[in-house]
Amino acid sequence: MKHLLTTADLSYADALSILDTADQMASVSSRSVKKLPALRGRTVVNLFFEDSTRTRISFETAAKRLSADVINFSAKGSSVSKGESLKDTAQTLMAMSADAVVIRHGASGAPQQLASSGWIDAAVVNAGDGKHEHPTQALLDAMTLRRVRARREDRPSTGMDLEGMHVVIVGDVLHSRVARSNVWLLNTLGARVTFVAPPTLLPVGMGHWPCEVSYDLDEVLAQRPDAVMMLRLQSERMNAAFFPSEQEYTRAWGLTPERVAALDAMDAPTVIMHPGPMNRGLEISSEAADSPRSTVLAQVANGVSVRMAVLFLLLSGDESTPSLSDN
Amino acid sequence: MSSFLISTVSPEGSDPVDLLIVDGVIQAVGEPGSLETPDDVTVVDGTGLIALPGLVDMHTHLRQPGHEDAETVDTGTRAAAKGGYTAVFAMANSKPVADTAGVVEQVWQLGQDAGWADVHPVGAVTVGLEGQQLSEIRAMAESRAQVRMFSDDGKCVHDPVLMRRALEYVKSFDGLVAQHAQEPRLTEGAQMNEGVVSAELGLTGWPAVAEEAIIARDVLLAQHVNSRLHICHLSTKGSVEIVRWAKERGINVTAEVTPHHLLLTEELVRTFDPVYKVNPPLRTDEDVMALREAVVDGTIDVIGTDHAPHTIEDKESEWSCAAMGMTGLETALSVVQKTLVDTGMIDWSTVARITSRRPSEILRLRDQGGALEAGAPANITLWNPAGETPVNPETHVSKGRNSPYKGMPLPGSVSATFYRGHPVVLDGELNSPLSS
Ligand SMILES: [Zn+2]
């Protein structure tokens with residue numbers, strides 16, 4: 001693995017290797033000294049063309065826990081729309097001899113262009129590109145699901161996949177990079193995926209995706225899925241006639257208190273996931289977000305572990321058994 | 001006095017002949033070795049070459065005035081000559097827009113001065129291509145440029161009333177309106193064909209229906225007002241079906257396809273290399289096959305390059321910021337050979353029809369697209385169908401380096417281009433322009 005650009009081309013073995021490494025990283029994070037010397041002397045650049053404090057802090061924390069030097073490079077507001085800046089920025093980064101570039105960009109494909117352009121030699125990690133992919137989000141979701149399963153089956157998560165788990169992803173699939181990264185990775189790991197959305201928020205041309213599609217959230221929740229993941233609804237969708245009103249959206253596709261109560265009533269095992277930031281009262285109610293079913297905080301913590309694992313595996317080269325010792 | 005004897009050349013793929021050009025005109029055609037020639041004749045060995053009437057491109061972006069960093073009339077017509085073209089139609093989306101007699105005369109004059117090929121300016125249908133108000137169509141028609149084709153290409157004349165009026169208005173001088181069929185609301189922010197690939201890549205889709213809905217409307221308008229409509233760059237199977245239906249009903253519509261839509265598909269967008277970003281977008285394999293069939297059955301009349309050079313800055317950026325368009329003049333005939341001739345779908349006389357004869361008929365050109373026979377103006381392309389060379393955009397004479405065929409082996413090459421009897425291309429290289 002030279003880069004992490006998509007989950008679509010992530011192999012089963014690589015996915016498990018990242019998740020297993022992430023579990024080890026999680027144990028580091030639970031110690032009093034939360035730091036490993038693994039990437040001492042290496043430079044990780046956070047190249048953010050789009051605001052995302054949460055993702056940037058998560059990557060920054062991950063890199064620092066591995067003792068890497070971190071440079072935060074916010075390119076937002078520069079002449080991105082004029083083009084050029086991606087190439088210019090890449091060449092600047094090369095001059096800083098970055099070992100890894102974590103890139104968040106509003107344009108689908110920008111990380112792939114950076115990785116394949118020859119402008120730069122560093123490992124490229126996609127931290128979210130346009131409506132395309134957000135692979136570390138899918139990996140942290142998979143890590144969260146694996147831990148749910150390990151706890152439920154009372155066995156270690158190492159080497160475990162998601163075979164047989166049923167994951168329901170609800171909301172704006174059309175504009176969601178989280179949904180795209182999740183459908184490929186969950187499928188690779190053996191989970192069954194159901195998308196639930198209004199037809200206006202499902203992409204034309206997704207007929208061959210490895211998932212089921214439903215327009216009826218209640219019917220799908222009645223199947224007692226292992227997890228329901230609520231996608232964030234961007235406010236600009238409201239004005240573009242994707243649905244008539246917020247109220248109607250929430251009634252049909254929101255995780256309302258009534259729906260949480262229905263899950264409780266049938267004693268469903270369903271955990272509630274959200275990639276954040278949440279629109280409380282829109283796609284998810286406070287009752288759902290704060291219920292014991294919610295894994296939202298675990299997802300944030302797992303995000304750091306997964307990103308540590310990714311940076312570690314990309315930067316430790318071909319070593320088949322990465323060393324995680326404290327020296 | 002200049003004369004050229006093209007020896008043992010195959011006219012449109014038929015039995016070899018000798019072809020004598022004297023003072024810009026084909027003076028005689030005869031069996032090899034049978035012609036009497038002037039003493040100072042220059043002999044061009046045509047063995048193994050196919051002679052075609054000089055190619056005519058109904059769809060070229062020469063970028064001048066206003067975007068001379070991307071292309072000029074001079075560099076664009078050099079590229080045309082290199083690609084075997086002896087006439088090009090320069091689209092109106094320059095800066096200023098070609099919406100007045102002044103601008104079209106300027107472009108026409110630049111073409112005359114350059115001397116590489118005939119340059120026919122296309123006039124804008126609406127002022128500034130803004131789709132609000134008809135431009136001074138008649139003034140452009142009566143100018144020295146004698147504009148006959150009007151188009152807002154790059155943008156669609158989407159207002160149905162304006163489109164109707166334009167179709168009606170051009171009837172007074174036997175003109176035609178060339179539509180860039182793209183329903184604007186259905187293509188807001190569109191980045192690529194809407195379908196399987198756009199769903200995966202998360203790029204905003206440009207649905208086939210946005211093209212087809214406009215074509216369906218416009219063929220009905222053309223029928224209603226009994227005028228001439230030309231559809232630029234058909235890109236979908238559905239568009240083919242609508243045009244076929246319209247032609248069966250006797251509607252006066254003609255249609256164009258670009259070389260890139262005959263060869264390339266949306267799968268290339270997976271690279272996120274903006275060289276593949278074009279409008280209308282690359283479509284699916286099924287569309288490509290339908291477009292090829294439509295050329296064979298005559299539903300599609302002409303090949304138009306939609307040669308759209310861009311600067312490196314405008315192309316070397318994130319996909320969603322990159323300019324739309326590809327160069328095409330210097331690769332068009334190779335792509336036609338690869339997709340239609342080498343596949344056994346058409347012969348060389350059909351190539352002559354779709355690249356020269358038919359466009360000349362549609363545009364009422366008297367000195368282009370004629371048969372290769374005595375008395376005809378000597379606009380002749382000598383094509384060597386043998387061999388295959390990987391495309392290297394760095395060697396193109398266009399200023400544009402945005403060729404989607406970069407590195408792809410393509411068959412054939414232009415050996416010579418005679419423009420009004422003068423070899424603007426000889427031995428596969430630019431020679432000299434026709435002095436005015
Ligand atoms: Zn166009």
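Computed from heavy atoms alone, side chains included, the values below leave out hydrogens, waters and symmetry copies.
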| task | Could you walk me through whether Glu316(B) and Lys87(A) pass salt bridge (charged side-chain N to carboxylate O under 4.0 Å, His left out), step by step? | result | CA-CA 8 Å; Glu316(B) 208 171 56; Lys87(A) 183 182 184 183; 2.5 Å; yes
| field | N/O donor-acceptor pair under 3.5 Å between Gln113(A) side chain and Asp273(B) backbone | value | no
| query | Looking at Pro203(A), Gly109(A), Ala107(A), which has the largest count of heavy-atom pairs under 4.5 Å with chain B? | reply | Gly109(A)
| message | Rounded to the nearest 0.5 Å, what separates atom CG in Asp129(A) from atom OG in Ser320(B)? | response | 10.0 Å
| Side chain to side chain, Phe272(B) and Ser108(A), heavy atoms closer than 4.5 Å | yes
| task | Please report the closest heavy-atom contact between Leu203(B) and Lys131(A), naming both atoms and the distance. | result | C-NZ, 4.1 Å
| request: First locate atom CG of Leu201(B), then atom CZ of Arg177(A), and finally report the distance between them rounded to the nearest 0.5 Å. | output: 15.0 Å
| Lys237(B), NZ atom: more than 12 neighbouring heavy atoms under 6.0 Å | no
| message | With a sphere of 6.0 Å drawn around OH of Tyr12(A), does it hold more than 12 non-hydrogen atoms of other residues, nucleotides or ligands? | response | yes
| request: May I ask you to check whether over 12 heavy atoms, not counting those of Glu286(B), lie within 6.0 Å of atom CD? | output: no
| message | Between Glu200(B) and Arg180(A) (side chain of the first, backbone of the second, donor and acceptor by atom type, cut-off under 3.5 Å), is there such a pair? | response | no
| message | In the structure I gave you, are the side-chain heavy atoms of Val196(B) and His208(A) within less than 4.5 Å of one another anywhere? | response | yes
| request: Please say whether more than 12 non-hydrogen atoms of neighbouring residues, nucleotides or ligands are located less than 6.0 Å from CG in Asp121(A). | output: no
| message | Quick check on Gln191(B) against chain A: is it the side chain, the backbone, both or neither that has a heavy atom closer than 4.5 Å? | response | neither
| How long is the span from the NE2 atom in His105(A) to the CH2 atom in Trp319(B), to the nearest 0.5 Å? | 15.0 Å
